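When a residue number appears, it is its place in the shown sequence, counting from 1. Computed from a predicted structure; not experimentally measured.
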Amino acid sequence: TGQLGTRLSPHYSPSLLIRNPPSPRDITLSLLLASQAHLGHSTSLWNPANQRYILGVRQGIHILCLETIAAHLRRAAKIVEGVSEKGGLILFVGTRPGHERAVVKAANLAGGCHLFERWTPGAITNASQILGHGKVVEMDMRDRKQAESEEKPEDINRPVKPDLVVCLNPLENYILLHECGLYGIPTIGVIDTDADPTWVTYPVPANDDSLRAMHLIAGILGRAAEEGRNRRIRRAEREAMETAQAAAETQVMAEARENTEFDAGAWETEQEDGVAGRSRRPPREDRERRERR
């Protein structure tokens, strides 16, 4: 009976890319091909700046080169991993229907922030007025909330700006990308054949209309940020352990030094007391002792 029934071959599960996103090491051309990341827009809608990403034309639709997509995606993953390892704040943005779960999962993996609604214009250029009512929480390198100290810097209540922005649909978020450019915030964006690659710092050519491709890219970048975050936490814990051991050794040496100084001082005091006692002995007692002998 063990051979009865049907055996399902490997198949696509829509929620698998969100529940268990692949890592940057899992990027393959077959995975990108299955997610339809290579399909562009009609040739009449193309942006000439994307010529370097286009492999050819099929049935009036531009076809993106899979090797170029994989190379740019690996580069973006390296950038995300480096920013996360340094403790930077990463903002994942996806405002189209179906992007919510992908950006939330990627932000949770990276320990960053997410946005799946309309971007509020001026949230970066005029952050003190739009986001000034928010509360800033200080975190250490181990992503633990720090205790509030009495001495606080003057800019502690200023809104925090992201160190990196990952945008899945740059066409609808041009204002966000423009504000990031004004403040020198690097951006990573999914660029289809109808978008302008100069809007973002690190473009990733892909089909932004494919929900599966967007889940794949967001998951890979989230996994990359998770790897950098875990490496930073392990390094911070190791440094904290080494600091605690050094402090304990210093304390033990200080206590040993104090005990040695105390013993030497007590011995000198006893010697001084003995010499003083012999010198204070009356002469009559000295004569009586010599007569007894």
Side-chain angles (χ1 to χ4, degrees), residues 17-18 21 35-37 39-42 45-50 53 62 64 69 72-73 75-77 79-80 83-84 88-131 134 159-222 224-225:
L17 294 176
I18 297 178
S35 63
Q36 300 180 354
L39 299 179
H41 279 276
S42 174
L45 301 176
W46 81 305
N47 190 317
N50 295 320
Y53 308 136
H62 278 127
L64 296 171
I69 298 174
H72 284 72
L73 185 55
R75 182 185 66 169
I79 294 168
V80 171
V83 172
S84 180
L89 180 63
I90 304 177
L91 173 63
F92 291 87
V93 181
T95 57
R96 289 184 181 178
H99 289 176
E100 297 89 350
R101 297 177 61 189
V103 295
V104 170
K105 180 64 176 181
N108 291 337
L109 293 175
C113 303
H114 62 269
L115 175 69
F116 50 80
E117 295 180 352
R118 176 178 175 271
W119 172 260
T120 303
I124 293 180
T125 55
N126 194 21
S128 59
Q129 297 295 329
I130 297 178
L131 304 176
V160 179
K161 295 181 177 60
D163 298 293
L164 178 66
V165 175
V166 178
C167 185
L168 300 182
N169 53 331
L171 289 177
E172 290 83 358
N173 295 283
Y174 173 75
I175 297 177
L176 165 62
L177 300 176
H178 180 67
E179 293 183 9
C180 292
L182 293 177
Y183 276 81
I185 300 174
T187 55
I188 296 175
V190 178
I191 301 299
D192 208 335
T193 56
D194 62 339
D196 190 352
T198 61
W199 287 359
V200 297
T201 311
Y202 304 101
V204 178
N207 181 14
D208 61 355
D209 296 321
S210 173
L211 194 60
R212 181 176 178 180
M214 294 301 98
H215 288 178
L216 175 64
I217 294 175
I220 290 175
L221 297 182

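When all heavy atoms of P121 and W119 are compared, the pair lying nearest together is CD-O, 3.2 Å. Looking at every heavy atom in both residues, V204 comes nearest to A76 through CG2-CB, 3.9 Å. Between C167 and N173, the shortest heavy-atom contact is SG-ND2, 3.7 Å. Minimum heavy-atom separation, I69 to A37: CD1-O, 3.4 Å. Among all heavy-atom pairs drawn from A218 and L168, the shortest one is CB-CD1, 4.3 Å. Residue N50 comes nearest to A195 through the heavy atom pair ND2-O, 2.9 Å, listed as atom of the first residue, atom of the second, then distance.
A donor-acceptor pair is defined here as one N or O able to donate and one able to accept, closer than 3.5 Å; no such pair exists between the side chain of H114 and the backbone of A102. Under the 3.5 Å distance criterion, the side-chain polar atoms of S84 are matched with a main-chain donor or acceptor of A225. Listed for the T193 side chain is no donor-acceptor partner under 3.5 Å among the backbone atoms of W46. Counting only distance, with no hydrogens or angles, the side chain of E179 and the backbone of L177 share no donor-acceptor pair below 3.5 Å. Side-chain atoms of D196 never come within 3.5 Å of backbone atoms of A49 as a donor-acceptor pair (strictly under, hydrogens ignored). Judged purely by atom type and a 3.5 angstrom limit, S35 has no side-chain atom pairing as donor or acceptor with the backbone of S210.
By the neighbour-count criterion of 12 heavy atoms within 6.0 Å, atom CZ of R101 is sparsely surrounded, having that number or fewer from other residues, nucleotides or ligands. When the shell of 6.0 Å around CG of L211 is examined, it contains more than 12 heavy atoms from other residues, nucleotides or ligands.
For the pair P186/I79, no side-chain contact is recorded, criterion being any heavy-atom separation below 4.5 Å from C-beta on. Between Y202 and V80 there is no side-chain heavy-atom pair separated by less than 4.5 Å. In this structure, D194 and L171 have side chains that are in contact, with non-hydrogen atoms separated by less than 4.5 Å. Counting heavy atoms from C-beta on, the side chains of N169 and M214 never come closer than 4.5 Å. L89 has its side chain within reach of C113: a pair of non-hydrogen atoms, C-beta onward, lies under 4.5 Å apart.
Interatomic distance, CD1 of I185 versus OG1 of T201, reported as 10.0 Å (0.5 Å rounding). Between atom CG of residue L115 and atom CD of residue E100 there is a gap of 10.5 Å, rounded to the nearest 0.5 Å. Note that CG of N207 is 12.5 Å distant from CZ of R212, once rounded to the nearest 0.5 Å. A distance of 9.0 Å separates CG of N47 from CD1 of I191, quoted to the nearest 0.5 Å. To the nearest 0.5 Å, the span separating CZ on R118 from OG1 on T95 amounts to 10.5 Å. Between D192 atom CG and Y53 atom OH the span is 12.0 Å, to the nearest 0.5 Å.
Under the salt bridge (Lys or Arg N to Asp or Glu O under 4.0 Å) criterion, D208 pairs with R96, sequence neighbours left out.
Using cut-offs of 30° and 60° for the angle between ring planes, the W199 and Y174 rings count as tilted.
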**Item:** Derivation of the side-chain contact (heavy atoms from CB on, under 4.5 Å) call for L176 and I124
**Value:** CA-CA 8 Å; L176 165 62; I124 293 180; 4.2 Å; yes
**Asked** Can you list the steps and then say if L221 with L73 is a side-chain contact (heavy atoms from CB on, under 4.5 Å)?
**Response** CA-CA 8 Å; L221 297 182; L73 185 55; 4.3 Å; yes
